[in-house]
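To find a chain, count down the sequence lines: A is the first, B the second, and so on, and within it residues start at 1.
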2 protein chains.
Amino acid sequence: MSNTQEQDKLKTRRRGKELEAAILQAVRAELKEREYAAVTMEGIAERSGTSKAVLYRRWANRAEIVLAAIRERVPLPLEEVPDFGNVRDDVCGILRSMNLNNTQLLSKAIYGIISELGAMPLASVLFPEGRSSRSMSIVLQRAVERGEVSGEAVTPRLLTLPIDLARNEIILYNEPMSEETIAEIVDQVFLPLIQKR
Amino acid sequence: MSNTQEQDKLKTRRRGKELEAAILQAVRAELKEREYAAVTMEGIAERSGTSKAVLYRRWANRAEIVLAAIRERVPLPLEEVPDFGNVRDDVCGILRSMNLNNTQLLSKAIYGIISELGAMPLASVLFPEGRSSRSMSIVLQRAVERGEVSGEAVTPRLLTLPIDLARNEIILYNEPMSEETIAEIVDQVFLPLIQKR
DNA sequence: CAAATAAGAAACTTAAAGTATCTTATATGT
DNA sequence: ACATATAAGATACTTTAAGTTTCTTATTTG
């Protein structure tokens, strides 16, 4: 019993994808325990039972390895967007999921990563494939079908509006949004702009 | 002729506020020339004609000294908010000024500073004295007097809405907003929410 | 003009990034 | 099953910059 991270060591020599997965998991474990600045290549190597040389064969530097570790988890599986029966609750659901996904590992490391990778904009980390929001598209499609929203009202700007405001909150305060904040964004800003009158 | 930064050196020995101002100016000069990661204490000391010991007597670490250098410039002198005669242009003016002030030194260093200072939220750097926006208050006050906007429409959330969206853009893309983006924020989002119908 | 204070120079310690070299386990092709 | 290629893992090394320490000397202040 009680086996925190690794196996008994000296089992076998891991390779390829198996080894890589173990390393990235070690990165996430380190990131949970300490600040980004205190996560070292030595520490990662030790925790994953390998050596720095192995890390540098796969990633160019610390920022890259941490980014890889986060990307594995962060592009949240948007598989399905739950249908609560009305736009309001659907959008609140999306914002709550941002709360979960963005504030854990990501916000802890994101500043360091961007800083060390040079002038790489935050956008390219968060949306490797552009800004559009799949989940918002789905939710608004439904709303149009229900007759809650008129199709013409949905511009690209409005499509991402709740997510933009939520991101601003999360980054600004570095903690999950409150339910009050979510309600403000949806009820005071988003709904009045898209609902049919 | 041609004297980029410093004087002839070995003039006199500066002290107190005079010395401090020269150091912070050197920090800003360094920050203009290179990335945050490449700004070193040695470099700052050399450029300002002093030594590392002097820097460490005043600031605890690199992040602190850079933050001090930026703070001197960033809390933009909101002295007066120009009156263009209508809310729309007034708000566009505020967003354009964010464009100027936020994207120069700040966005270059902000990620590194936050990362190195620990879990300090961005908010506390950007708004040492709370979130409310003085300039937006002034502009909306005028709008209410003109009869463009009804006083009850102005909630705290709506008060900072254009600024929140602008900040999101600037941070996300790490560059000034385009005029199109400013127009979208104001015309598609802000005005429809506050204008009398 | 004496004493206190802080500037400036220089040498030092430490931490961690990143590199290079070598040995050896494992996979793969024949 | 065996030879060969490939990559893992250990270890030692170089380099860079942060942060510290010590000492000398200019300037302020009383």
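- Put simply, the side chain of A/Arg13 and the base of C/dT24 share a donor and an acceptor less than 3.5 Å apart.
- Judged by distance alone, with hydrogens and angles left aside, the side-chain atoms of A/Arg62 form a donor-acceptor pair with the main-chain N or O of A/Val39 at under 3.5 Å.
- Side chain of A/Thr160 to main chain of A/Ile163: no donor-acceptor pair is present (N/O by atom type, distance under 3.5 Å, no hydrogens or angles).
- Put simply, CD1 on B/Ile65 is 13 Å from C1' on D/dA18, counting in whole angstrom units.
- At a cut-off of 3.5 angstrom, counting only N and O atoms as typed in the model, there is a donor on one side and an acceptor on the other between the side-chain of A/Ser51 and the base of D/dA10.
- Across the protein-nucleic acid pair, A/Arg14 atom CZ and D/dG9 atom C1' stand 10 Å apart, rounded to whole Å.
- Nearest-nucleotide mapping onto DNA chain C: of B/Arg58 and A/Arg57, the residue sitting toward the 5' end is B/Arg58.
- One can place OH of A/Tyr56 at 12 Å from P of C/dA16, the figure rounded to the nearest angstrom.
- Taking for each of B/Ala38 and A/Ala53 the nucleotide of DNA chain D with the nearest heavy atom, the 5'-most of the two is the partner of A/Ala53.
- Spacing between atom CE of B/Met41 and atom C1' of D/dA18 amounts to 8 Å, rounded to whole angstrom units.
- Rounding to whole angstrom units, CG of residue A/Asn61 and C1' of D/dT15 are separated by 16 Å.
- Under the 3.5 Å distance criterion, the side-chain polar atoms of B/Ser115 are left unmatched by any main-chain donor or acceptor of B/Tyr111.
- Note: NZ (B/Lys17) to C1' (D/dT28) measures 17 Å, nearest angstrom.
- When all heavy atoms are compared, the tightest approach of B/Trp59 to B/Ala68 is NE1-CB, 3.6 Å.
- Checked for salt-bridge contact, B/Arg142 and B/Glu148 miss the test: no charged N lies under 4.0 Å from a carboxylate O.
- Minimum atom distance to the side chain of B/Thr40 is reached by D/dA18, of the listed D/dA18, D/dT27, D/dG9.
- Atoms NZ (A/Lys52) and P (D/dT15) sit 15 Å apart, rounded to a whole Å.
- In this structure, the CG atom of B/Leu19 is 10 Å from the C1' atom of C/dA6, given to the nearest Å.
- The phosphate of D/dG9 (OP1 or OP2) has a side-chain N or O of A/Thr50 nearer than 4.0 angstrom.
- Rounded to the nearest 0.5 angstrom, A/Met177 CE and A/Arg167 CZ are separated by 10.5 Å.
- Comment: A/Arg58 does not engage A/Glu64 in a salt bridge, judged by the lack of any side-chain N to carboxylate O separation of less than 4.0 angstrom.
- Helix-axis bend for the helix from C/dC1-D/dG30 to C/dT30-D/dA1: the local axis fitted to the five terminal pairs at one end deviates from that at the other end by 30°, rounded to 10°.
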